Amino acid sequence: MNAQVSFLDGTYTLIHIPLELYSTLLQPILRVLLPQTQSLNAARGTPEHQLEGLTADNQHGFLNISVTPLECSVVCHASWAKNVFEPVIRSLPEEQAKTVSVFKDSYMVLSVISAGLDAAGRVMELSSPLALAGIPIFFITTYYSDFILVPSKERQDVIKALSDKGFVLSENQSNFVSSYGYGRKNSSGHPESPPGTPPPSNARELQTRTFDLFQKRNVSPYVHEGLQLVQCSGREISQLADAYGHRMSVGRQTQSAEDRQSWIENVDTKLYTCIISALVSKPRFMSLTLAEGDPPSLLLDRTLLPIFGDSIVGDTDSNFVPIFLDLVNLPSEVTGIVCGVAGRLVEDMQMTETSELSYLSTARAGAVILTEEQSTRAVAILRPLLNKES
């Protein structure tokens, strides 16, 4: 596999919002999605002025908003969490505020761009070095890239785990590059440098531990009846150049140095309007990822497609089915969930290079995303593994 793994700038926070409070907290969700205030030179007395680590040009190094049948989950820059979400949460009645979780750990985000490995193998192979090193992760597959959230305090362990797996760290220590070919067939082998106690010594042991833990904590696979997903993307900004390029160029020429162009000058406003419409509708399932360098990526309930019209691109004819794992009874620092589940499915289903398998980690759940046919087989594999009597 040829892969590049980069550390994205910034420190990030993970937030769990129970569905019964989704409407109550929709306003801060939209404020983070549409960070107009900082671009417009907010007054110095307003909280937005205190958004450390963010600039007018870079307000979304990474953002994920996921609404699922189990929860709403947000991954945002720590400054957005502190200045936008936390004041609203504190204003809630005490009993309601207790049900919202702003994770205490700060996270860093790894962006993974890879070629030469199918989607199913990619999830497993990218998560296994970190899992075997005992590093807890959250994994988010998007239309263009894979993203891995790891606690910021684990940075040096992440560097070591990836280096042991054949990745070479750049001089500025911001990204790894690997042309070292390791495929699915090596997934059950021992890492070059066995991690300390008590992480498992190989992928098979990792899988066993994962499913033993699931049994103890009563985790079972769950399919939401009738829910079909499509994976798509907003259009590249370059694709809008013919329509908007001349007007935007003229606008920039007339701007003063103080009147920096707003973030909205560089996005497809039609797409953002559609995103807001979908979020306001309280969707059954919608996962939006914004990442620096990538167009917006969307994983949508198929019934939302009419809202988006031609503002999205991608294979909207293919249906995917999410298999949910409710992890509310597991601590956030538990390791090996993604690798354990994906690894067992890849092996037991004998997935080919054309197989599609994606993974979405949310604050308190995980979703394995497969084609309709594969999802039926996957549930048949997972249920006996998670049955205490099996």
Side-chain angles (χ1 to χ4, degrees), residues 12-21 64 66-75 98-109 123-124 126-141 147-154 157-158 161 195 197-200 203-224 285 287 322-345 357-369 378-379 381-390:
Y12 296 85
T13 299
L14 185 57
I15 303 170
H16 158 78
I17 300 170
L19 291 179
E20 55 268 26
L21 290 180
N64 176 265
S66 294
V67 184
T68 76
L70 298 175
E71 65 174 334
C72 173
S73 173
V74 177
V75 181
K98 287 180 180 178
T99 66
V100 182
S101 298
V102 178
F103 283 43
K104 293 181 179 180
D105 277 342
S106 66
Y107 291 86
M108 58 183 183
V109 177
V123 174
M124 189 175 67
L126 293 172
S127 62
S128 62
L130 304 179
L132 291 171
I135 300 170
I137 71 168
F138 292 85
F139 198 101
I140 298 174
T141 304
F147 296 95
I148 302 174
L149 275 71
V150 295
S152 300
K153 63 187 178 185
E154 303 278 4
D157 289 336
V158 169
T197 58
R204 175 56 69 175
E205 183 183 347
L206 176 66
Q207 292 172 22
T208 300
R209 289 193 190 186
T210 297
F211 287 100
D212 285 348
L213 178 62
F214 282 177
Q215 286 187 10
K216 291 176 183 177
R217 299 299 181 94
N218 297 312
V219 176
S220 59
Y222 160 67
V223 176
H224 193 73
F285 189 106
S287 181
I323 303 172
F324 296 104
L325 298 167
D326 189 344
L327 307 178
V328 66
N329 293 324
L330 273 62
S332 61
E333 63 270 17
V334 70
T335 63
I337 300 298
V338 180
C339 183
V341 174
R344 178 57 62 91
L345 291 178
L357 182 149
S358 301
Y359 197 94
L360 173 66
S361 294
T362 57
R364 291 187 171 180
V368 183
I369 299 155
V379 169
I381 290 169
L382 291 174
R383 279 187 174 151
L385 293 170
L386 298 173
N387 187 334
K388 288 185 177 181
E389 297 179 358
S390 62

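Since we're looking at a predicted model, the values are computed, not measured. Atom set for the values below is all heavy atoms of this structure, side chains included, hydrogens, waters and symmetry mates excluded.
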Expected output: side-chain S73 to main-chain A363 donor-acceptor under 3.5 Å: yes
Parallel, tilted or perpendicular: ring planes of Y222 versus F324, cut at 30 and 60 degrees: tilted
Check: P18 and R364 side chains under 4.5 Å, non-hydrogen atoms: no
Interatomic distance, E333 atom CD to F103 atom CZ [nearest 0.5 angstrom]: 9.5 Å
Side chain to side chain contact (heavy atoms under 4.5 Å, CB included) partner of L130, chosen from I148, V338, T335: I148
Identified ring-ring contact (aromatic ring centres under 6.0 Å, His included) counterpart of F138 within the set Y107, F147, Y359: Y107
Nearest heavy atoms of I381 and P384, plus distance in Å: O-CD, 3.4 Å
Residue pair V334 / I337: nearest heavy atoms and the distance that separates them: CG1-CG1, 3.9 Å
CA sep, side-chain torsions, deciding dist, call: I369, T141, side-chain contact (heavy atoms from CB on, under 4.5 Å): CA-CA 10 Å; I369 299 155; T141 304; over 6 Å; no
Minimum-distance pair of heavy atoms, taken over all atoms of P151 and M108: O-CE, 4.2 Å
side-chain contact (heavy atoms from CB on, under 4.5 Å) assessment of T362 paired with L70: CA-CA 9 Å; T362 57; L70 298 175; over 6 Å; no
L149 vs S361, side-chain contact (heavy atoms from CB on, under 4.5 Å): CA-CA, chis, key distance, verdict: CA-CA 9 Å; L149 275 71; S361 294; over 6 Å; no
Donor-acceptor under 3.5 Å (S152 side chain, S106 main chain): yes
Separation between CG of L382 and CZ of F214, rounded to the nearest 0.5 Å: 8.5 Å
Side-chain heavy-atom pair V219, L327 within 4.5 angstrom cut-off: yes
Short side-chain donor-acceptor distance under 3.5 Å, R344 and T210: no
Minimum heavy-atom distance between L19 and E71, given as atom pair plus value: CD2-C, 3.6 Å
CG-CD distance between L345 and Q207, expressed to the nearest 0.5 angstrom: 9.0 Å
Gap between atom CZ of R383 and atom CD1 of I323 - 0.5 Å precision: 9.0 Å
Distance (rounded to the nearest 0.5 Å) between E205 CD and L132 CG: 9.0 Å
Shortest non-hydrogen contact between L385 and Q215, atoms and distance: O-NE2, 2.8 Å
Closest contact, heavy atoms only, A133 versus A161: CB-CB, 3.9 Å
Interatomic spacing from CD1 in I15 to CD1 in I17 - rounded to 0.5 Å: 6.0 Å
